[in-house]
Amino acid sequence: MTIENLSANKSFAGWHKQYSHQSQALNCSMRFAIYLPPHISSGKKVPVLYWLSGLTCTDENFMQKSGVQRVAAELGIAIVAPDTSPRGEEVADDKHYDLGQGAGFYVNATQAPWNRHYQMYDYVVKELPKLIEETFPVSDKRAISGHSMGGHGALSIAMLNPTRYSSMSAFSPICNPISTPWGQKAFSAYLGKDKTTWQNHDASELMKQATHFVPAKVDQGGADDFLLEQLKPETLEAAAKMRDYTLELKIHEGYDHSYYFIASFIEEHLRFHASHLNR
């Protein structure tokens, strides 16, 4: 697969780069960002943390606002951030921010017109890692994390593929999308009216049924405007207790839904993932 380098910036002795490529899974051109730590200069293959961003974001938000490069450079972890949806004039869209372009929800759409392009699950789980591992000096050791809609994606994807990821984490995830306005709107459009299919992409429902546990860390801001209606971390906590699932969940008073929150605790998340990637 041909990829095009769009930009390159040196950062903490490593490189932040942005690429575009033609995605077969999504049937359109896609963009992703990658941070390669300085360890690759010795010829060493490094593990990868995949970061899934939230509604309205692109591959750029996390890489430019979180400060992740400093710790990734120290720990020798590559960071890969895909876009949040397929893009382009030919790609179906909606006038509202919580559906369509910028709001792929990391599922494989089964309903028209979304099913032509919106196969974000296959892109994140299969196509993108294959491309990354064939192109860059990285190993097949993977962890996954994300924010809000991306937190939903990270948790659900890891639990659906427990042998592919050494650990999972999330900031302010949509923990129970089948019972929230964001999730219900997206799942109705992408997956149809059969709500039994929705449960396959709901972190709280998946955690209740888990048989293979992926170490999990979740941080949530106590002053998050979306906390009560959209995020519902209490459902994930209840599911973990029901299943005796290894989950570290913290509520941080005063913090909101922004990247100020993510930047405050991203180092803890990287060190958490490093402890499992290096086992």
Side-chain angles (χ1 to χ4, degrees), residues 32-35 47-55 57-59 61-63 66 68 72 77-85 103-108 120-129 132 141-177 180 182-183 186-187 200-207 210 212-221 226 230-233 235-237 239-240 245-250 257 259 261-262 265-266 268-274 276-277:
F32 68 87
I34 184 168
Y35 178 72
V48 181
L49 173 67
Y50 288 87
W51 172 270
L52 307 183
S53 289
L55 289 167
C57 291
T58 67
D59 62 292
N61 300 71
F62 177 70
M63 291 300 210
S66 69
V68 70
I77 298 175
I79 311 292
V80 172
D83 201 349
T84 52
S85 78
F105 270 83
Y106 306 103
V107 300
N108 284 343
M120 285 298 293
Y121 176 90
D122 279 353
Y123 180 69
V124 169
V125 175
K126 301 174 183 178
E127 184 178 28
L128 184 60
I132 297 298
K141 290 186 176 181
R142 314 174 195 93
I144 192 165
S145 185
H147 172 232
S148 194
M149 176 186 72
H152 135 74
L155 298 179
S156 60
I157 283 173
M159 283 188 280
L160 287 168
N161 301 273
T163 61
R164 286 184 64 85
Y165 302 98
S166 65
S167 50
M168 62 183 181
S169 75
F171 289 86
S172 315
I174 307 172
C175 294
N176 191 208
T180 67
W182 279 342
F187 287 1
N200 295 329
H201 301 282
D202 185 296
S204 296
E205 294 298 319
L206 290 168
M207 192 166 280
H212 188 133
F213 295 176
V214 183
K217 178 178 177 61
V218 172
D219 284 286
Q220 171 64 57
F226 303 113
Q230 303 282 12
L231 306 179
K232 299 184 180 296
T235 64
L236 191 70
E237 188 171 39
Y245 201 106
T246 304
L247 169 67
E248 178 187 335
L249 192 156
K250 294 182 181 178
H257 201 69
Y259 271 84
F261 173 47
I262 296 172
F265 298 99
I266 191 62
E268 292 184 10
H269 280 242
L270 257 69
R271 295 193 185 281
F272 164 78
H273 289 296
H276 295 285
L277 286 166

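Quick note: numbers below take in every heavy atom, side chains included, and nothing from hydrogens, waters or symmetry partners.
- Across every non-hydrogen atom of Pro82 and Leu128, the tightest pair is CB-CD2, 3.7 Å.
- Residues His276 and Phe272 bring their aromatic ring centres within 6.0 Å.
- When all heavy atoms are compared, the tightest approach of His212 to Tyr245 is O-OH, 4.2 Å.
- Atom NZ in Lys232 sits 12.0 Å away from atom CD in Gln220 (nearest 0.5 Å).
- From Ile77, atom CD1 reaches atom CG of Leu277 across 5.5 Å, with rounding to the nearest 0.5 Å.
- Rounded to the nearest 0.5 angstrom, Glu248 CD and Asp219 CG are separated by 7.0 Å.
- Note: Phe226 and His257 have perpendicular aromatic rings, judged against thresholds of 30 and 60 degrees for the angle between ring planes.
- In this structure the side chain of Trp182 reaches within 4.5 angstrom of the side chain of Leu231, judged on heavy atoms.
- Using a 3.5 Å distance cut-off with no hydrogens or angles, the side chains of Tyr123 and Asp83 do not pair a donor with an acceptor.
- Here the straight-line distance linking atom CG of Leu49 with atom CG of Leu270 works out to 6.0 Å at 0.5 Å rounding.
- In this structure, His152 has its ring center no closer than 6.0 Å to that of His201.
- Under the 4.5 Å side-chain criterion, counting only non-hydrogen atoms from C-beta, Lys217 is not in contact with Phe265.
- Among residues two or more places apart in sequence or in another chain, the side-chain contact (heavy atoms from CB on, under 4.5 Å) test is passed with Asp59 by Gln18, Arg31, Ala33.
- Residues Ala103 and Ser85 approach most closely at N-CB, 3.9 Å, considering heavy atoms.
- Annotation for Gly146 and Ala154: closest pair N-CB, 3.8 Å, computed over non-hydrogen atoms.
- Ring geometry, Phe171 versus Trp51: the interplanar angle falls from 30° to 60°, so the pair is classed tilted.
- No option in Ile157, Ile132, Val124 other than Ile132 meets the side-chain contact (heavy atoms from CB on, under 4.5 Å) test with Tyr50.
- Between the side chain of Ser167 and the main chain of Ala143, no donor-acceptor pair closer than 3.5 Å is present.
- Taken to the nearest 0.5 Å, the CZ atom of Phe62 stands 10.5 Å off from the CG atom of Leu52.
- With hydrogens and angles ignored, the 3.5 Å screen pairs a side-chain donor or acceptor of Asn108 with a backbone N or O of Asp122.
- Contact of the Leu155 side chain with the Met207 side chain is not registered, since no non-hydrogen atoms from C-beta on lie closer than 4.5 Å.
- Using a 4.5 Å cut-off on side-chain heavy atoms (C-beta onward), Leu249 and Pro233 make contact.
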Checking side-chain hydrogen bond (donor to acceptor under 3.5 Å, both in side chains) for the pair Ser169/His273: CA distance, chi angles, key distance, verdict?
CA-CA 8 Å; Ser169 75; His273 289 296; 2.8 Å; yes
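- By the 4.5 Å heavy-atom criterion applied to side chains, Asn176 and Asp202 are counted as neighbours.
- The only member of Asn61, Ile79, Ile262 that meets side-chain contact (heavy atoms from CB on, under 4.5 Å) when paired with Ser66 is Ile262.
- Among all heavy-atom pairs drawn from Val214 and Met168, the shortest one is O-CE, 3.7 Å.
- Two residues are said to be in side-chain contact when any heavy atoms from C-beta on lie closer than 4.5 Å; Phe187 and Pro177 meet this criterion.
- At a threshold of 4.5 Å between non-hydrogen side-chain atoms, the residues His147 and Ser172 count as touching.
- Using a 4.5 Å heavy-atom threshold, the side chains of Val125 and Tyr165 count as touching.
- Atom CZ of Phe105 sits about 5.0 Å away from atom CG of Leu55, to the nearest 0.5 Å.
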